[in-house]
Amino acid sequence: YTLEYGAGALPGSWINIGSNPRTTAVVGVLLGTWDTTPLADGVYTVRLIVTDDATNSTTATVTVTVDSTPPTVTSAAATSFTTVDILFSEDLDAPSVLAAYFTLDGGVNVLGAVLQGDNRTVTLTTDTLTDGFNYTVTGKPTVATIEDLAGNFLGMPNTAQFTGLG
């Protein structure tokens with residue numbers, strides 16, 4: 001069998017994954033490992049070509065998205081005297097959005113965090129904000145923190161400034 005990949009949904013050329021062709025028959029085992037680390041984010045197609053002893057071939061393809069870019073904070077805005085919306089650079093994984101992963105300066109506590117339907121906006125519930133006070137909200141960059149749908153943890157920038165409404 002041959003295992004390879006190409007850029008895009010309909011690649012014009014293919015790159016081997018490991019040593020091709022493989023000539024040992026296999027059943028129910030790992031066919032290969034593909035290191036996507038050096039690749040740019042984007043769509044790729046993986047192709048498996050299986051050839052039997054009579055040289056009959058069957059081809060299977062699957063399209064995958066490589067995403068190694070971490071989400072970042074792009075902006076924040078107070079929407080009421082106790083809520084702040086934080087916009088992220090890409091869709092987030094809902095279970096990773098927790099109030100404990102955010103801090104506000106000025107002695108304001110973060111009481112709750114909810115990922116909105118666009119999957120990029122997090123609404124924080126906070127202590128009362130002071131009208132006209134400039135705040136900084138920070139997403140904590142810890143080992144277990146906010147992550148995108150590909151499992152990339154929060155990157156930099158992880159802060160945004162906003163003015164309180166009161």
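Under a 4.5 Å side-chain heavy-atom cut-off, the cluster of Ile, Leu, Val, Met, Phe, Trp and Tyr residues that includes V43 has no other member. V26 belongs to a hydrophobic cluster whose other members, connected by ILVMFWY side-chain contacts under 4.5 Å either directly or through intermediates, are Y1, L3, Y5, I15, I17, V29, L31, W34, L39, Y44, V46, L48, V50, V62, V64, V66. Residues near V27 contribute nothing to a hydrophobic cluster around it, because no ILVMFWY side-chain heavy atom sits closer than 4.5 Å to its side chain. Clustering of Ile, Leu, Val, Met, Phe, Trp and Tyr side chains at separations under 4.5 Å leaves V114 isolated, with no partner residue.
Partners of T45 according to the side-chain contact (heavy atoms from CB on, under 4.5 Å) rule, which considers only residues two or more places apart in sequence or in another chain, are P11, W14, T61, T63. For T37, the side-chain hydrogen bond (donor to acceptor under 3.5 Å, both in side chains) partners are D35, not counting sequence neighbours. Remark: S75 pairs with no residue by the side-chain hydrogen bond (donor to acceptor under 3.5 Å, both in side chains) rule, at least two apart or across chains. Under the rule for a side-chain hydrogen bond (donor to acceptor under 3.5 Å, both in side chains), T58 has no partner lying at least two apart in sequence or in another chain. Partners of A60 according to the side-chain contact (heavy atoms from CB on, under 4.5 Å) rule, which considers only residues two or more places apart in sequence or in another chain, do not exist here. Residues satisfying the side-chain hydrogen bond (donor to acceptor under 3.5 Å, both in side chains) criterion with D85, sequence neighbours excluded, are T123.
Among residue pairs with one or both ends in residues 150-163, those qualifying as side-chain hydrogen bond (donor to acceptor under 3.5 Å, both in side chains) are D67-N152, N134-T163, T136-Q161, D148-N152; sequence neighbours excluded. A ring-ring contact (aromatic ring centres under 6.0 Å, His included) check over residues 109-136, counting only residues at least two apart or in different chains, returns the pairs F133-Y135, Y135-F162.
Residues V122 and F88 have side chains in contact (heavy-atom distance under 4.5 Å, counting atoms from C-beta outward). Within the 4.5 Å cutoff, the side chain of L154 has no heavy atoms near those of the Y101 side chain. Here the side chains of T36 and S68 are not in contact, with every heavy-atom distance at 4.5 Å or above.
The minimum heavy-atom distance linking D127 with N109 is given by the pair OD2-ND2, 2.8 Å. Closest approach of D93 and S96 over heavy atoms only: O-OG, 2.7 Å.
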